[in-house]
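Given the structure is predicted, the values throughout are model-derived calculations rather than measurements.
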Amino acid sequence: MTQAGLPVPPGLIVTTEVCNAYYANNKQFPEGMWEQVTAALQEIEKKVGKKFGDAKNPLLVSVRSGAAFSMPGMMDTVLNLGLNEETVTGLAEQTGDLRFALDAYRRFASLFGEIVIGVAHEKFERVMDRFKAHSGGERLDTDLKPDELRGIIAAEKEIILAEQHTIPDDPYEQLRVAIGAVFNSWMGRRAIDYRRINRIPDDLGTAVNVQAMVFGNMGKNSGTGVAFTRNPSTGKKELYGEYLLNAQGEDVVAGTRTPNPISQLKRELPKVYEQFNAITQLLEKHYGDMQDCEFTIERGKLWMLQTRTGKRTGAASVRIAVDMASEKLIDRATAVQRVTPEHLDQLLHPTVDPKTDARVLATGLPASPGAAQGTVVFSPDEAEELAKEGAQVVLVRHETSPDDFHGMVAAQAIVTARGGMTSHAAVVARGMGKTCVSGASDLEVDYSQQQFTVKGEVITKGEWITVDGSTGRIFLGKVPTVQPSLGPDFYELMKWADGFRSLTVRANADTPHDARVARQMGAEGIGLCRTEHMFFGDKRLASMRQMILADGTGAREKALEQLLPLQRGDFVGIFREMAGFPVTIRLLDPPLHEFLPNVDELLGELSELKMALRHAGTLAAMDHLLDEIDEKRQLLHHVNKIREANPMLGFRGCRLGLLFPEVTRMQCRAIFEAACQVKGERKQVMLEIMVPLVSISEELKQQAEMIHDVARQVTGEHGMKIEYAVGTMIELPRAALTAGKIAEHADFFSFGTNDLTQTTFGLSRDDSGRFLPAYVDRKILSDDPFQVLDREGVGELVRLGTERGRIVKPNLKVGICGEHGGDPSSIAFCNEIGLNYVSCSPYRVPVARLAAAHAALDADATAAAEAAVVSAADEDAKAREAVGVAK
Ligand code: PEP
Ligand code: MG
């Protein structure tokens, strides 16, 4: 902005390299830095015609962070630095405004105390509240008289003294410790938390910006504000923001006074408004993206303090991208790249059911959209603790400060009683895609009683509330929510994204309902239908158990007879929903423990029955109980007989289908009967049958023979021809290594990266949750490998399996259907190694489509950059040749 000639207060920057040197050097400034700072400070003095520390004409500076990635509110800032008992008098004389000078001093003292010395913010807040309430009635801080301000400053100094500290009188010393404090805030808890969530590396470091102060608190023609070039909630093209007259920056974001909408500035200070509006448009055009600008007006003169790419909601992100492409500000590829997977995720969040007649408890500002519910908590620590135990909580605060960040991360939603649309709570929640209602001023929050009151009604900790961040409403209790209906911008953007990607995106769907949702989300087929999931639900589970526990083939066939029509019915529904799209049905892969009754529970039930037997009154009752006991004992016996020490590595997948061929036969019969029925309805069935947990090529060969056999039988019975493919999951290291041999019997491969991760790491899918987070915390692993594909190990097996399979069958279709199929970074890897498709849960499909487009665009950009390097080298070689220089 400075280079563009915009009005920016002069300043100096201590670079991020210094921050890293500071940490490498035991928190000492590197040699020579201080001299450079003081030299640059002299330049600032010259530009503004004031002197740092001068008793008559003092220069004041702000000291703030500046990171490569915007981390709003996560690090520390000290304003009005350079004030002491002498310079404050100078400032009063220089400005002719004693009240202003004292106000600046009391702000400096509390900020310095809080940020540099580490005194709790509340202590200073209490002083302010005490003085504001002093002469009766609620007053604003602008109402405070010079004497009262002097009292506040004295009280603030006492607080600092009580903690055995003082504010240095020497402005240079103030500056030195303040720079150190900003560096220290890079490693503060909230900054670290923010970086972890936003995947910002820890070693980037922060710069420190030291800038001449301009003052928004110099009377009615001064002020300060924040504005976005487009509405950050909806994306609408309008200047959107807030300002306060006679105030300093933190007053707007801290929510201590309720700011005015920026449109009002047009009436109050029309010239300033026009200038500001023109500058923001220039900035948006220059950066080609929506800007978030901070400004201060000092006695009618506009100063730009900051511009950065504005944080926005998912809905706004999509609208802004589509609008900007239509305005020819950016091209379509850039528009697609602008929308992040997280944004789309947010767009797909639920909203409160519009038909609800639930009572609205209170209404605040719609700070961050989405609907969420939880039990009320008032402390961020408690929010974090309860969330760790799996509870859903809503964090309710007067207003939030950056110290609340960990609680905000943990909560489902955030409610504040004070603060505007750009308050800390609103900005941070929007950035996280978390539901938030701010400024719900009817709420009287009482931390000590752990309750809030709304018009006499008391809500205490632990009660459920539902928060609608799209409308600002807060409901008592759990209110039904609905999935969002996606607007035309979303569909337009997805259409563009689909045009760029080369990966096909399918869904993992086990029921006709899932299949319908998957199509609505744009899935181009089903990549995994887990047939064992069709048996969740009481009645079905009982038949499934009977089948597993059956003693001998006869009993098993009987149980299978009951399962067949259920399976066939589901397949019919799925084929209908997916007419014209491929459907991969996986044969049964039940890790037995998921379907068997729990032994401890069975033992408990048995002892209860025995107890009941002792107290049975009649012979008939005894008989009945004895029968039941007998049944339970038999069940226990069976369960014990087939119980496995390691069910994940046990009798599952194709092992079951090979040793109990009647299971595979029943399933194939159900599949082909359903296929014949739906084809008979003149719908296109594109069937793929997939064999799970293969590690030996012979397993697939034998299962494939069985499938072909049943296919011949059923299609013969129906007099129909059904085209189908037979393929396999590659989810064990041996399968990946021997993929060449396996490919001889496979029409397609689908990588089951859940099991492949489990077996490559030798890390149980069921138990890893206990210690993997600690591995990530300690940076032993960069990510949980069950979430993000481990490229180095598991990914290498995927690459190798694909290559070996395609040596034998060059056109082998290869996809992925583990959870990684919906993870953007894993999708990029799949794109890189040339897979044909990814498959993920239905609601994740739009995210996967977008991520696949990003992957393709990134790959194009890399290829273009490489081509440019090659052609530059060629040019160079030609040039050398032309002048006869040898290589
Ligand atoms: C896998 O292992 O990645 C997979 C998709 O199968 P499941 O999760 O059903 O074991
Ligand atoms: Mg698996």
Side-chain angles (χ1 to χ4, degrees), residues 373-375 385-393 460-464 477-478 510-511 530-567 588-653 655-656 659-660 662-663 666 764-771:
Q373 45 204 205
T375 55
E385 267 165 40
L386 289 168
K388 265 195 195 138
E389 290 164 25
Q392 277 175 256
V393 297
T460 46
K461 190 179 95 174
E463 288 195 62
W464 279 86
K478 291 190 201 178
D510 313 321
T511 63
R530 290 177 165 104
T531 50
E532 64 280 2
H533 282 194
M534 294 173 164
F535 299 109
F536 292 152
D538 279 358
K539 232 178 92 203
R540 293 175 166 217
L541 190 62
S543 308
M544 180 74 169
R545 265 188 195 162
Q546 260 177 29
M547 193 278 287
I548 294 173
L549 295 167
D551 219 356
T553 315
R556 193 170 309 107
E557 277 175 344
K558 234 169 124 196
L560 286 167
E561 263 170 38
Q562 290 175 20
L563 294 177
L564 188 135
L566 300 175
Q567 290 244 286
L588 214 54
D589 177 15
L592 291 186
H593 64 302
E594 283 181 20
F595 290 91
L596 288 182
N598 181 291
V599 172
D600 291 335
E601 275 171 27
L602 272 180
L603 284 170
E605 284 163 22
L606 206 56
S607 67
E608 271 174 31
L609 285 170
K610 283 183 187 163
M611 197 72 118
L613 186 65
R614 266 193 233 155
H615 300 102
T618 63
L619 263 177
M622 281 175 88
D623 264 357
H624 182 71
L625 283 164
L626 280 168
D627 280 351
E628 269 194 68
I629 289 173
D630 210 35
E631 217 173 277
K632 280 269 180 299
R633 275 210 183 112
Q634 274 189 33
L635 186 59
L636 189 65
H637 173 72
H638 274 304
V639 171
N640 271 328
K641 211 164 76 179
I642 63 168
R643 196 149 74 122
E644 296 173 316
N646 239 325
M648 275 294 186
L649 304 177
F651 188 47
R652 55 175 283 216
R655 298 161 194 172
L656 190 87
L659 300 192
F660 296 159
E662 56 278 13
V663 176
M666 178 283 284
S764 152
R765 279 163 77 168
D766 293 338
D767 303 312
S768 62
R770 277 177 54 191
F771 62 92

How close do [X] and [Y] get, counting heavy atoms only, and between which atoms?
X	Y	answer
Ala621	Thr618	N-OG1, 3.0 Å
Pro647	Arg652	O-CD, 3.7 Å
Val663	Arg556	CG2-CD, 4.1 Å

List for me each residue that meets side-chain contact (heavy atoms from CB on, under 4.5 Å) alongside Ala387, sequence neighbours excluded, and say none if there are none. Ala410
Would you call Ile642 and His638 a side-chain contact if the rule is heavy atoms closer than 4.5 Å?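 The answer is no; the side chains never approach within 4.5 Å.
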Report yes if the side chains of Phe660 and Thr553 come closer than 4.5 Å at any heavy-atom pair, otherwise no. no
For residues 610-623, which residue pairs pass the salt bridge (charged side-chain N to carboxylate O under 4.0 Å, His left out) check, not counting sequence neighbours?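 Pairs touching residues 610-623 that pass the test: none.
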Under a 3.5 Å distance rule, please check whether [X] uses its side chain to pair with a backbone N or O of [Y] as donor and acceptor.
X	Y	value
Glu532	Asp589	yes
Arg655	Gly650	yes
Gln373	Gly477	no

Tell me, please, which residues at least two apart from [X] pass side chain to side chain donor-acceptor pair (under 3.5 Å).
X	answer
Glu463	Thr460
Gln562	Ser543
Glu385	none

So that I can tick it off, tell me whether Asp510 and Arg530 are bridged by a salt bridge, with the cut-off set at under 4.0 angstrom between side-chain N and carboxylate O.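 Not counted as a salt bridge, because no side-chain N and carboxylate O are separated by less than 4.0 Å.
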Table please: side-chain donor-acceptor pairs of residues 624-636 below 3.5 Å, with sequence neighbours left out.
{"from": "His624", "atom 1": "NE2", "to": "Glu628", "atom 2": "OE2", "distance (Å)": "3.2"}
{"from": "Lys632", "atom 1": "NZ", "to": "Glu605", "atom 2": "OE1", "distance (Å)": "3.2"}

Please indicate whether Leu619 has more than 12 foreign heavy atoms, meaning atoms of other residues, nucleotides or ligands, lying under 6.0 Å from its CG.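 At most 12 heavy atoms, drawn from other residues, nucleotides or ligands, come within 6.0 Å of this atom.
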